[in-house]
Number of protein chains: 2
Amino acid sequence: MHPNERRNVILEQLNKKEKIDIDALAAELNVSAMTIRRDLNYLEEQEQIIRTLGGAILNKPLVMESSFQTKEGKHAAEKRLIARRAVELVQEHFTILLDSGTTTLEIAKLLNQKRNLTVVTNDIKIAAELMDSEVKVILTGGEMQNNIGALFGPLTEQTLRNLHVDLFFLGAHAVHLQVGVTAPTFEKASIKKLMVESAQATWLVADSSKLDQKALAKVCDLEALSGVISDSGIKAYHPRELPELLEVVTAEEEA
Amino acid sequence: MHPNERRNVILEQLNKKEKIDIDALAAELNVSAMTIRRDLNYLEEQEQIIRTLGGAILNKPLVMESSFQTKEGKHAAEKRLIARRAVELVQEHFTILLDSGTTTLEIAKLLNQKRNLTVVTNDIKIAAELMDSEVKVILTGGEMQNNIGALFGPLTEQTLRNLHVDLFFLGAHAVHLQVGVTAPTFEKASIKKLMVESAQATWLVADSSKLDQKALAKVCDLEALSGVISDSGIKAYHPRELPELLEVVTAEEEA
DNA sequence: CTTATTTATGTTAATTGTCAACAAAAATAC
DNA sequence: GTATTTTTGTTGACAATTAACATAAATAAG
């Protein structure tokens with residue numbers, strides 16, 4: 001019997017019994033009490049259980065607000081402002097492509113109430129967010145990146161190649177005047193590049209912490225973008241130097 | 001300082017600190033460890049805290065288990081039993097295809113501690129469940145069915161056609177001796193059919209309420225299955241009449 | 001297929017936490 | 001003021017935990 005199997009048995013028992021006893025489990029599973037103890041310590045590290053004297057109980061997680069536990073990350077307020085500005089670009093009957101990421105997730109939350117809209121995404125958190133809405137959602141498919149919920153790989157790329165959308169909201173890790181938009185891995189860059197190519201218009205959504213940064217893999221030049229939406233930090237940057245064709249929108253707090 | 005005062009101090013600390021330590025408290029409150037222990041035992045009797053080794057944590061009220069609000073549906077206990085029996089078929093390095101549905105979601109929950117496993121699915125709840133695990137997850141892609149989180153449509157079908165897996169767990173709406181496995185829409189049936197075709201082995205997982213039922217669209221004959229896992233209700237059905245090639249496993253409560 | 005390496009498990013002894021029993025102290029009742 | 005109850009501290013027996021090491025099993029490497 002594998003350790004994982006054994007741990008599953010323990011969890012199963014806890015679903016019925018509220019509390020389990022180490023010695024009883026050891027006898028039942030024909031292993032030493034020490035092994036059970038190690039299992040319990042492992043499960044406690046995973047925050048699945050809580051150790052008690054001679055046993056353990058289930059660790060009931062706290063209630064979460066959204067489908068996913070959305071711990072308020074860095075620049076959350078900025079992202080919300082950007083998202084609010086972004087949805088103004090969305091018209092009825094549009095097909096919209098949403099990159100994976102927290103900024104685009106904020107956009108998804110605002111699209112929640114729209115109708116006659118199709119959203120394509122490679123982010124399962126975005127899909128989950130729109131699950132109970134009237135928006136039509138298409139997931140690209142692909143291999144899921146753990147802890148993030150973004151889909152990557154050949155399957156994703158193949159889907160994107162057969163796609164055309166009206167509007168693409170591109171999230172970025174790094175944007176730079178000369179270098180353009182870049183991503184930390186070739187895999188991500190490749191996906192984003194395909195997304196740009198399959199969209200009629202691409203708007204970059206990025207809070208100011210991403211500006212003036214460079215990363216490994218090139219996604220596209222700034223010229224490929226229809227516009228940029230960022231928070232007021234972009235002012236401290238140099239909006240005048242951005243190519244003229246580029247409409248730069250600065251999201252700001254409303255009065 | 002009154003005993004009740006002291007106990008309130010303990011509870012206050014627990015609201016901030018998640019876990020408290022007996023010796024530290026004893027020193028801080030200038031009482032013996034034994035006194036703190038008695039306080040903690042008292043508070044545990046009141047179901048306000050839970051004792052751990054050398055300390056205590058707050059007793060949180062009951063909440064949900066999974067990323068999604070999984071209101072305990074019909075036949076939940078049966079589904080869990082079936083799931084437990086099903087994962088016994090899973091070997092390391094397997095690639096497993098999971099149909100969308102609540103029974104297969106239960107299977108996913110049990111898989112989430114396994115390693116060296118690849119899971120393919122068209123259900124975003126299953127994907128979400130496995131997001132924080134070490135299991136490699138591949139989503140088929142496709143159009144998301146609202147309120148359920150299952151992916152359908154041509155995109156899904158195309159992905160399935162280019163796929164081969166070791167083991168497929170098929171969830172069913174209706175199973176019948178003569179008619180075989182059926183689904184309520186052609187769209188769903190089409191997906192399930194493709195899944196059966198792309199798998200080395202197909203095991204049907206269905207609680208007994210699904211047995212002896214017919215629906216509109218045919219998925220496959222019983223002969224196409226490698227086996228069936230159901231709860232004990234299947235006994236009231238007619239296991240002897242099932243085709244001989246079919247191994248029927250009945251999941252039952254352990255002694 | 002064999003060997004090396006990692007991982008999992010068992011055993012022990014030292015440490016730490018727990019409990020029960022009793023005694024002392026404090027609070028309360030009469 | 002004394003009696004009674006409640007609370008607290010102390011002690012020793014016992015149980016659980018941990019760390020450290022040894023062994024076995026599984027996996028990877030050659």
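Quick note on labels: first sequence line is chain A, next is B, and so on, each numbered from 1. Since this is a predicted model, take the numbers as computed values, not measurements.
Using a 4.0 Å heavy-atom distance criterion, Asn41(A) is classed as a sugar-phosphate-only contact. Residue contacts for Asp23(B): at a heavy-atom cut-off of 4.0 Å it reaches the sugar-phosphate backbone alone, with no base atom in range.
The nearest whole Å value for the distance from the CZ atom in Arg37(B) to the P atom in dA15(D) is 16 Å. At whole-Å resolution of the value, CG in Asn30(A) and C1' in dA8(C) are 16 Å apart. When the C1' atom of dG10(C) is taken as reference, atom CG of Leu29(A) falls 15 Å away, rounded to whole Å. One can place CD of Glu45(B) at 11 Å from P of dC19(C), the figure rounded to the nearest angstrom. At whole-Å resolution of the value, CZ in Arg7(B) and C1' in dT6(D) are 11 Å apart. Across the protein-nucleic acid pair, Met34(B) atom CE and dA21(C) atom P stand 12 Å apart, rounded to whole Å. The nearest whole Å value for the distance from the CG atom in Leu40(A) to the P atom in dA8(C) is 16 Å. Rounded to whole angstrom, the span from the CG atom of Asp39(B) across to the P atom of dT8(D) amounts to 7 Å.
Toward the 5′ end of DNA chain D lies the nearest nucleotide of Val31(B), the other residue of the pair Ile22(A) and Val31(B) mapping further downstream.
Nearest nucleotide to the side chain of Leu53(B), out of dG17(C), dT11(C), dG9(D): dG17(C). Minimum atom distance to the side chain of Arg6(A) is reached by dT9(C), of the listed dG9(D), dT17(D), dT9(C). Each of dA20(C), dT18(D), dT11(C) was ranked by its minimum atom distance to the side chain of Ser32(A); first place goes to dT11(C). Here dT8(D) is the nucleotide among dT17(D), dT18(C), dT8(D) with the atom lying nearest to any side-chain atom of Thr35(B).
Side-chain contact between Arg51(B) and Arg37(B) is present, with at least one heavy-atom pair separated by less than 4.5 Å. A 4.5 Å side-chain heavy-atom check between Thr118(B) and Phe94(B) finds every atom pair outside the cut-off.
Crowding of Lys218(A) atom NZ: a count of heavy atoms from other residues, nucleotides or ligands under 6.0 Å exceeding 12.
The side-chain contact (heavy atoms from CB on, under 4.5 Å) test with Thr140(A) singles out one residue from Leu163(A), Leu155(A), Ile191(A), Thr156(A), and that residue is Thr156(A).
Checked by distance alone, Arg38(B) brings a side-chain donor or acceptor within 3.5 Å of a matching partner on the base of dG9(D).
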For a side chain to side chain contact (heavy atoms under 4.5 Å, CB included) check, start with the C-alpha distance between Arg6(B) and Asp39(B), then their side-chain angles and the critical distance, and finish with the verdict. CA-CA 8 Å; Arg6(B) 207 176 41 234; Asp39(B) 285 338; 2.6 Å; yes

